[in-house]
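Given the structure is predicted, the values throughout are model-derived calculations rather than measurements.
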2 protein chains.
Amino acid sequence: METSGETLTTRQAEILHFIHLHIEQLGYPPTLREIANKMDIRGISAVRKHLDALVRKGHLIRRKGARALDAESLLPSTVPVPVLGRVVAGIPVNATENRLDTIAIDPSWLPSGPVFLLRVKGDSMKQAAILDGDYVLVRAKETAEEGAIVVAEIDGETTVKRLRKKGGRLILAPENPDYNEIPVAEGSAFRIVGTVCGLFRPSLEGSH
Amino acid sequence: METSGETLTTRQAEILHFIHLHIEQLGYPPTLREIANKMDIRGISAVRKHLDALVRKGHLIRRKGARALDAESLLPSTVPVPVLGRVVAGIPVNATENRLDTIAIDPSWLPSGPVFLLRVKGDSMKQAAILDGDYVLVRAKETAEEGAIVVAEIDGETTVKRLRKKGGRLILAPENPDYNEIPVAEGSAFRIVGTVCGLFRPSLEGSH
DNA sequence: TTTTAAGGTGAACAAATGATCACCTTAGCA
DNA sequence: TGCTAAGGTGATCATTTGTTCACCTTAAAA
């Protein structure tokens, strides 16, 4: 995601940095005079020239009015993704219950459609490089192809397994020899909640 | 992350929503008159009263000056993290060269201090659940404890391995029996770039 | 040597903006 | 019945803000 065309001078980069900082800290852009103060510039015409340069080089958008500086549209935005605790009846992505938290995810790491995050318990998917405590990114859908890693609900339990077929019957296959396959019995309460399409492992440090 | 104290009236929620929308689309907050226009209000005093109510109820921060509305500090923010290609001399976190991309990461998944993302090549850390194509989150520092997973540069090559000691000498240990340990020879060009403190695996779907 | 771009100073000025005051309407509540 | 909160109208006014123009300095390029 390249934003720039030409490269910035040191001074221009300093000013752009201050604008970003101001927006981050206060929630809105600075005025020309506020920029002049912080940069130790006495006349605001100099500031104006810098802004013109930043606009020309594609790092800033200016519109009419006070503080009408847009430096954020050119930065990556994010999508808030809910972290669900238990996954129960219905597609629960928009439900407030069971929502433990909301994490911002970069859109380039998201598929289209409804998604949610789920914290993995246990190491039954160890061989698929999914560990206890990892967050899996789940695309909410009721169907899945054979071979996909799915989040499924079976007999009231929510689990992350690989979906396989054996002798014409669906099974939920772990990726760890210490665990047993879970056959999907004829009359069992079985439902696919979604497919695992990403993985996040924060605070990995200290594991060994 | 609860932001509100008291609940908003319908009108107040409408106005707050417009403010958020304006910031999202244009990068800066609206003026009182811009709010009045969109809300079909003729006098700005009415807008002022609504803003006062939003401030009182904890949904907005106001400061002196035009467009000085901060509605974003009360929403989850993100931190832009650079994705580096090659990791070469110096701490390159702020260098524009080698920067392939910038990804927004939720601060709750970040440690303090300078970090960057690095795409993993090869499956030498397979047993540590780090696969080819994964992005590792690296805390940039020049030292690491034994047992930590590190990004290190040795003889011009950048690699992700576990840092171990064997017979009083450092080694870079893979987590895959198919790979050999890399001993750190006395006079070799060896440098620790950082420690792996997180992992991201987008577009996992389709792997089996 | 001249030219050009980056960076800066200073001042005048029109437009945009928020503050403030007085007054109005409606609905719920005591 | 009177009171109060939410919501609104209209107008005045001081301040802030961006625009514009003329001119200066310095260093690199032609």
Check: B:Leu137 and B:Pro111 side chains under 4.5 Å, non-hydrogen atoms: yes

Closest to side chain of A:Arg56, choosing from C:dG10, C:dA19, C:dA6: C:dA6

The criterion is side-chain contact (heavy atoms from CB on, under 4.5 Å); which residues satisfy it with [X], sequence neighbours excluded?
X       : answer
B:Ala36 : B:Ile41, B:Ile44, B:Val47
A:Pro30 : A:Phe18, A:Ile19, A:His22, A:Glu34, A:Ile35, A:Leu69
A:His17 : A:Leu21

Distance, rounded to the nearest Å, where [X] contributes [atom1] and [N] contributes [atom2]:
X       : N      : atom1 : atom2 : result
B:Asn37 : D:dT9  : CG    : P     : 12 Å
A:Asp40 : C:dG7  : CG    : C1'   : 14 Å
B:Met39 : D:dA6  : CE    : C1'   : 16 Å
B:Asp52 : C:dG18 : CG    : P     : 13 Å
B:Ile41 : D:dG10 : CD1   : C1'   : 14 Å

Restricting to non-hydrogen atoms, name the atom on [X] and the atom on [Y] that form the minimum distance, rounded to 0.1 Å.
X       : Y       : value
B:Leu60 : B:Ala71 : CD1-CB, 3.6 Å
B:Leu54 : B:Gln12 : CD2-O, 3.9 Å
A:Asp70 : B:Gln25 : OD2-O, 4.3 Å

Pairs involving residues 9-26 of chain B, ordered by first then second residue, that meet salt bridge (Lys or Arg N to Asp or Glu O under 4.0 Å) (sequence neighbours left out): B:Arg11-B:Glu14

Under-4.0 Å side-chain N/O to phosphate OP1/OP2 contact, [X] with [N]:
X       : N      : result
B:Arg62 : C:dA19 : yes
A:Arg48 : D:dG18 : no
B:His50 : D:dG7  : yes
B:Arg42 : D:dG8  : no

Every protein N/O within reach of nucleotides 24-30 of chain C N/O, cut-off under 3.5 Å:
none

Pairs flagged by ring-ring contact (aromatic ring centres under 6.0 Å, His included) wherever residues 132-160 of chain B is involved - sequence neighbours left out: A:Trp109-B:Tyr135

The helix from C:dT1-D:dA30 to C:dA30-D:dT1: angle between end helix axes, five pairs per end, rounded to 10 degrees: 20°

Write out a two-atom table: protein N or O, nucleotide N or O from nucleotides 11-17 of chain C, distance below 3.5 Å.
from, atom 1, to, atom 2, distance (Å)
C:dT17, OP1, B:Arg67, NH2, 3.4

Trace of the side-chain contact (heavy atoms from CB on, under 4.5 Å) decision for A:Leu118 with A:Val83: CA-CA 6 Å; A:Leu118 189 68; A:Val83 181; over 6 Å; no

Counterpart residues, side chain to side chain donor-acceptor pair (under 3.5 Å), relative to B:Arg42 (two or more places apart): none

Residues in side chain to side chain donor-acceptor pair (under 3.5 Å) contact with B:Glu145, at least two apart in sequence or another chain: none

Near-strand residues of residues 9-19 of chain B, defined as heavy-atom separation under 4.0 angstrom from DNA chain C: none

Derivation of the side-chain contact (heavy atoms from CB on, under 4.5 Å) call for A:Met125 and A:Val120: CA-CA 9 Å; A:Met125 295 300 284; A:Val120 175; over 6 Å; no

Anything under 3.5 Å between a donor and an acceptor, one on a side chain of residues 192-202 of chain B, the other on a protein residue two or more places apart or in another chain? List them.
from, atom 1, to, atom 2, distance (Å)
B:Thr195, OG1, A:Glu205, OE2, 2.5
B:Arg201, NE, B:Asp134, OD1, 2.9
B:Arg201, NE, B:Asp134, OD2, 3.2
B:Arg201, NH1, A:Ala129, O, 2.9
B:Arg201, NH2, A:Ala129, O, 3.2
B:Arg201, NH2, B:Ala129, O, 3.2
B:Arg201, NH2, B:Asp134, OD2, 3.1

Comparing A:Ala53 and B:Arg63 on DNA chain C - which has the more 5′ nearest nucleotide: A:Ala53

